[in-house]
Amino acid sequence: MPRGEKQYNSIRIKMTIQAPIPFEERPQDSGDVMWRYSHNPIIGRYHIPSSNSIFNSAVVPFEDGFAGIFRCDNKAVQMNIFAGFSKDGINWDINHDPIEMLAGNTEMIESDYKYDPRVTFIEDRYWITWCNGYHGPTIGIAYTFDFQTFYQCENAFLPFNRNGVLFPEKINGKYAMLSRPSDNGHTPFGDIYISYSPDMKYWGEHRCVMKISPFERSAWQCTKIGAGSVPIKTKDGWLEFYHGVINTCNGFRYSMGAALLDLVDPSKVLYRTQPYLLAPAELYELAGDVPNVIFPCAALSDGEKIAVYYGAADTVVGIAFGYQQEIIDYIKENSL
Ligand code: BMA
């Protein structure tokens, strides 16, 4: 039965009741368009017994609360994805065992590792994308109806690719996915592309969406960029939170920006932030297994408020808040 529907006396009734998204008002001393949850990080590195770190994870409304797909690296630093559940989007029960996939629209595909999941509901089920180890990183796809049983489908692309993010509805009758062609290492380059599929199996019509910025115009996103959250549909366009990277003498620094993509043709960027929305500044973002990383993988919106979930320093999970229209206005007024 689709999300939000319940069986009552043999009559299917559409339920519109959904848990409120996590939110906290802007601190009084802040003039920023987005701000951090005061109790960040919401998930610590040792949240489940096996974990070395939990970060770069995605959440979605589910039943009367939320479900999530979490990247948990274990103490052998093997990367895998785990399902989790929450009533309020802040306090999470994460399964102690990783997701076991069943074969979906193809035979079982080998998977050396899984990391950086995204999740979205399309039509009748939840779709998960992640960075799948198949002779190097590429985009894995699976679906679930209940976050108990998962069906793994064809990889979307040849290696090497990362940051595969599905749109939450078909566009012109096709599934649409943002991704970032990359290399087998820590990829010192990267732009965002869009691809389409009629069936979640065969992907094509690859178009470039967004490239890195010239250093002198917006250096925080001058080395590589990658899609972050599932895009949010607004009257001003698809609102997409993405990460941007600068290579410094001390390594990569990951920050978060946002873009508005055309509703009908999302390969067209309408506006895109020149200043970042969030950059590593708090201790849990500056220090961890990989210092100086803010890596958004999900955004919840109730049409007015927004909560972005991000990995911090490749170690923990944090949330940042904002008002949707303020963020949109900010992107337009501060566009690259
Ligand atoms: C990227 C991915 C992410 C990670 C980031 C910073 O290449 O591996 O999982 O958060 O680097 O280390």
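Start at 1 and go down the list; that is how both ligands and their atoms are numbered. All of these numbers come straight from a predicted model, not from anything done at the bench.
In this structure, the side chain of Arg45 engages the main chain of Asn52 through a donor-acceptor pair within 3.5 Å.
In Arg71, the part holding a heavy atom less than 4.0 Å from any atom of ligand 1 is the side chain. Contacts with ligand 1 closer than 4.0 Å are made by side-chain heavy atoms of Asn56 only, the backbone lying farther away.
Chaining together hydrophobic side chains whose heavy atoms lie under 4.5 Å apart places Ile109 alongside Tyr134.
Of the charged side-chain nitrogens involved, at least one lies within less than 4.0 Å of a carboxylate oxygen, so that Arg71 and Asp116 count as a salt-bridged pair.
Nearest-residue assignment for atom 9 (O) of ligand 1 (options Thr187, Asp314, Asp116; heavy-atom criterion): Asp116. Among Phe55, Tyr115, Tyr254, the residue whose heavy atom lies nearest to atom 11 (O) of ligand 1 is Tyr254.
Within a 6.0 Å sphere centred on NZ of Lys170, heavy atoms belonging to other residues, nucleotides or ligands number more than 12.
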